[in-house]
2 protein chains.
Amino acid sequence: MFSKSCEYGIRATIFIASLCYNDTKVGIKEIAQEIDSPMAFTAKILQVLVKNDIIKSSKGVRGGFMVLKEDLKRITLSQIVVAIDGDSVFLRCGLGLSNCSEDHPCPVHEKFKFVKQDLAFMLENTTLEEVSIGIKKGTTFLKY
Amino acid sequence: MFSKSCEYGIRATIFIASLCYNDTKVGIKEIAQEIDSPMAFTAKILQVLVKNDIIKSSKGVRGGFMVLKEDLKRITLSQIVVAIDGDSVFLRCGLGLSNCSEDHPCPVHEKFKFVKQDLAFMLENTTLEEVSIGIKKGTTFLKY
DNA sequence: TTAATAAAAGACATAAATGTCTTTTATTGA
DNA sequence: TCAATAAAAGACATTTATGTCTTTTATTAA
Ligand code: FES
Ligand code: FES
């Protein structure tokens with residue numbers, strides 16, 4: 001469904017968000033531990049998320065990553081996915097034709113249309129707040 | 001969504017199926033042309049589909065690939081996908097956790113569940129017959 | 001029975017995704 | 001001002017997916 005990069009990116013963002021209630025910044029080492037991901041690789045992905053205004057970062061002593069409390073309702077899964085993997089998951093032809101359109105449909109176009117719409121709708125309407133609550137409460141998990 | 005292999009595999013199978021009404025076998029060269037795919041690579045994928053009883057093949061003069069008419073209703077997109085990519089698209093955790101379960105859900109488990117179910121249902125209930133009709137009639141396309 | 005044919009099989013090549021390491025830059029607190 | 005810290009940046013390494021080429025095997029028709 002998503003690339004590894006995207007999976008790590010979502011997991012990292014949710015973890016960082018789950019800590020934002022106490023305004024704590026968190027370092028890449030702890031993030032990688034908590035989501036069980038390769039540290040250096042995850043760091044690269046976080047750079048993209050920072051550039052896309054999804055998470056904030058600060059360098060130096062007491063630096064780290066954080067999500068702004070006011071962003072919890074604004075940021076959706078869709079924004080994270082698009083930042084890392086692009087919009088191909090929703091828009092691409094399911095059979096790999098160069099462009100997916102009603103004018104030149106592949107044999108599964110009508111069927112895939114709904115699945116892709118559902119996925120897009122779900123991602124666009126799922127906020128960071130919603131998915132980070134479970135982590136804070138301990139009812140959902142980010143590793144194993 | 002699917003791997004390139006799987007995309008080519010589905011397209012090839014649909015094309016072969018669209019010809020099965022006149023019991024014509026078709027060679028790899030023509031298949032690759034009609035679905036605009038790399039010929040040698042596509043040949044490899046077709047080997048897998050033959051092994052999985054999705055298409056038939058015969059070697060030598062007047063040999064080629066075909067789909068049995070009686071298989072048109074039996075074969076579903078799901079079978080093709082599983083043969084090539086496995087069942088990870090339906091079963092894997094959307095965030096890459098090692099196993100997706102109600103007992104140890106990731107933060108998007110409840111949301112993804114429905115999307116994955118819908119996809120699985122669609123693929124399991126879409127027959128080769130259904131998707132090859134459009135190709136025969138010329139209302140759907142396998143390339144560009 | 002042989003030559004032509006076409007898929008199967010396997011070795012090899014290339015590109016893309018994933019992952020690691022080192023150096024640089026910015027920040028902070030002593 | 002300086003040393004310590006941590007992210008950013010960039011070069012590099014490894015693995016996986018994608019794609020190609022050659023040889024082998026099976027089939028057919030002459
Ligand atoms: S053309 Fe293939 S999904 Fe739209
Ligand atoms: S545990 Fe992640 S989708 Fe089920």
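Labels below follow one simple rule: chain letters A, B, ... track the order of the sequence lines, proteins then strands, and each chain is numbered from 1.
The cationic group of Lys136(A) lies under 6.0 Å from the six-membered ring centre of Tyr21(A) and within 45° of the ring axis, placing it in a cation-pi geometry.
With salt bridges taken as basic N to acidic carboxylate O contacts below 4.0 Å, none links Lys29(B) and Glu34(B). The existence of a salt bridge linking Lys113(A) and Glu102(A) is confirmed by a sub-4.0 Å separation between a basic side-chain nitrogen and an acidic carboxylate oxygen. Between Glu130(A) and Lys111(B) there is a salt bridge, since at least one side-chain N of the basic residue sits less than 4.0 Å from a carboxylate O of the acidic one.
Contacts of Lys51(A) with the nucleic acid, taken as non-hydrogen atoms under 4.0 Å apart, involve only primed sugar atoms and P, OP1 or OP2. Heavy atoms of Lys44(B) sit under 4.0 angstrom from at least one base atom. Using a 4.0 Å heavy-atom distance criterion, Ile28(B) is classed as a sugar-phosphate-only contact.
Residues Ser5(B) and Phe41(B) meet the side-chain proximity criterion, which asks for heavy atoms closer than 4.5 Å.
When the nearest nucleotides of DNA chain C are assigned to Lys59(B) and Thr42(A) by heavy-atom distance, the more 5′-ward of the two goes with Lys59(B). Nearest-nucleotide positions on DNA chain D for Ser58(B) and Val61(A) put Val61(A) closer to the 5' end.
Residue Arg62(B) places at least one side-chain N or O under 4.0 Å from the OP1 or OP2 atom of dA29(D).
With no hydrogens or angles considered, no side-chain donor-acceptor pair links Thr76(B) and Thr127(B) at under 3.5 Å.
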- Item | Trace of the side chain to side chain contact (heavy atoms under 4.5 Å, CB included) decision for Leu49(B) with Ile84(B) | CA-CA 8 Å; Leu49(B) 296 175; Ile84(B) 300 174; 3.9 Å; yes
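Residues Phe2(B) and Tyr8(B) place their aromatic rings such that the two centres sit no closer than 6.0 Å.
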Please list, pair by pair, any protein nitrogen or oxygen found under 3.5 Å from a nitrogen or oxygen in nucleotides 13-18 of chain D.
unit_1, atom_1, unit_2, atom_2, d
dT18(D), OP1, Lys4(B), N, 3.1

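Taking 4.0 Å as the cutoff to heavy atoms of chain A, we find the contact window on DNA chain C bounded by dT18(C) to dG29(C).
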